[in-house]
2 protein chains.
Amino acid sequence: MTLLEPTPAGPGLAPKLGRKRDHTRDPEILDAALDVLAETGYDGMTIDMVAAKAKAGKATLYRRWDSKADLVLDAVACMKPVETDFSKLPNTGTLRGDLLAMIKTPNVQDAEKKLKIMAGIVSMISRYPDLAEAASAAMVEPRAAANRFLMQRSKDRGEMRADADIEALSMISASMVSYRVLMLRKTATREFLVNLIDQVVLPAAGIARG
Amino acid sequence: MTLLEPTPAGPGLAPKLGRKRDHTRDPEILDAALDVLAETGYDGMTIDMVAAKAKAGKATLYRRWDSKADLVLDAVACMKPVETDFSKLPNTGTLRGDLLAMIKTPNVQDAEKKLKIMAGIVSMISRYPDLAEAASAAMVEPRAAANRFLMQRSKDRGEMRADADIEALSMISASMVSYRVLMLRKTATREFLVNLIDQVVLPAAGIARG
DNA sequence: CATATACGAAACTCAACAGTTTCGGATATC
DNA sequence: GATATCCGAAACTGTTGAGTTTCGTATATG
């Protein structure tokens, strides 16, 4: 689970005395960190908050991660991404059907949490490139890849116009949801998302209203 | 210029003794604050940095604004917005021409600076609703209004499809530029912007390639 | 059962920073 | 020219929070 501060134990020859570290707590601590991050942002987040929310001691956290920055980086990197197995993505026969299936409630709630985390991190991006990399890999890239897949399939079946720029089209929804939530401070209602598909994505893809 | 901490002097009857406050320094200080904000984000920004960049004393800043939060709020609120006089917006006869005219270099650089400021502020917006309001009024709303105007004119002349959702379409470019810069950490090149217009905005508006 | 490490809790150190005060000098009113 | 306020510079205060250490206890190896 923990990717970047895995086990300080060297490879092979350390017999290891004493009580063992309870690694089942790692994900709990990382989840607590993500919660606090989403609520307060990176700078507002304190290690004590995370420890309290995880019902752990501060020393326990510092035994596992070297610094606040390391903890956050690991929490973001270990975050569960959206479906990365394309064969499990919706396959309704139309792009509209697939996109509608992608905005089921749990998916949207997951995205909103990730947006809050992103909001708490954006100001760090220029200072910690590693963090930006991890956030991109965990939150933005998987979603973009899923959209690219659905759109390529649509193009292959001749539904989408042949000269459509999938690279650009696949970013529309994520971009506009982010902007709406972060800049306009409105919620991404289902109504908004459906309208986005029907009024922007599908027309831009050259798919007439059905 | 200063909107929110204008003059502590009461209305009318304060004869005012002593050296007068040099209000020509206000915009210089606010500009310095915006620079630091864009570079370091709200939490990374210190009053000493702003004072140093403005070549002013810390006490001078606190004589004019009650707190760091007030200073930032005022700096954002006093920021020069994009053209708010619609009659001065481009008017080329086609939506494509107008949109291309909107992405001249100075406009784009101004937008990038504003994006960096936005990035330094987003994590605050849940904590300081006033700041969010000011940022929206200074940075997002004027741009959206300009786009709505250009698009409504295009629709009126029968260029854009009659059932197009201007509210949604006018947010496409700002959304996708923000996402690209803040989340994907790529620059908004002219090539990207032109492609955005030709591959997303115009097709979504039902305007065929010329 | 001796030793070594993990645990949560809490006390501790140290640096950064918001906000205040003080200073010597400049500029305004009366 | 007396007084009041401004200025920039710098010293000062108080709080917050990252990171460390200590303590009593739990759990592992040998």
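Owing to the predicted nature of the structure, the values given are computational and were not obtained by experimental measurement. Just the heavy atoms: all of them, side chains too, but no hydrogens, waters or symmetry mates, feed the values below.
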Check your understanding: Quick one: salt bridge (charged side-chain N to carboxylate O under 4.0 Å, His left out) partners of A:Glu112, sequence neighbours excluded?
Key -> none
Review point. In whole angstroms, how far is the P atom of C:dA4 from the NZ atom of A:Lys20?
Key: 17 Å
Point to revise | Protein-nucleotide distance (A:His23, atom NE2; C:dA6, atom C1'), rounded to Å | key: 11 Å
Review point. Given side chains that start at C-beta, do those of A:Asn147 and A:Leu99 come closer than 4.5 Å, heavy atoms only?
Key: yes
Point to revise | With sequence neighbours excluded, residues passing salt bridge (charged side-chain N to carboxylate O under 4.0 Å, His left out) with B:Lys68 | key: none
Exercise for review: Decide whether B:Asp156 and B:Gln152 meet the rule of one side-chain donor and one side-chain acceptor closer than 3.5 Å.
Suggested key: yes
Review point. Between atom CG in B:Leu71 and atom C1' in C:dG19, what is the gap in whole Å?
Key: 13 Å
Practice item. Can you figure out which of D:dT20, C:dG19, D:dG30 approaches the side chain of A:Leu17 most closely? Key: D:dG30
Point to revise | Nearest heavy atoms of A:Gln199 and B:Asp163, plus distance in Å | key: OE1-O, 3.5 Å
Review point. Quick one: is A:Lys68 getting a side-chain N or O under 4.0 Å of the D:dA18 phosphate, OP1 or OP2?
Key: yes
**Study point:** Members of residues 41-52 of chain B that approach DNA chain D, where some heavy atom sits under 4.0 Å away
**Key:** none
Check your understanding: Can you find a side chain N or O atom of B:Arg25 that sits less than 4.0 Å from OP1 or OP2 on D:dG8?
Key -> yes
Review point. Is it true that atom NZ of A:Lys116 has more than 12 heavy atoms of other residues, nucleotides or ligands lying nearer than 6.0 Å?
Key: no
Practice item. Considering non-hydrogen atoms only, spot the tightest contact between A:Asp70 and A:Trp65 and give its length. Key: O-CD1, 4.1 Å
Review point. Rounded to whole angstroms, how far apart are CH2 on B:Trp65 and P on C:dA18?
Key: 15 Å
Practice item. Round to a whole Å and report the spacing from OH of A:Tyr62 to P of D:dT22. Key: 17 Å
Check your understanding: In chain order, what residues pass the salt bridge (charged side-chain N to carboxylate O under 4.0 Å, His left out) check against A:Lys155, with sequence neighbours excluded?
Key -> none
Pick out the pairs of N or O atoms, protein on one side and nucleotides 21-25 of chain C on the other, that lie under 3.5 Å.
unit_1, atom_1, unit_2, atom_2, d
C:dG25, N2, B:Arg19, NH1, 3.3

Practice item. Please collect all ring-ring contact (aromatic ring centres under 6.0 Å, His included) contacts where either partner lies in residues 96-130 of chain A, sequence neighbours excluded, each pair once. Key: none
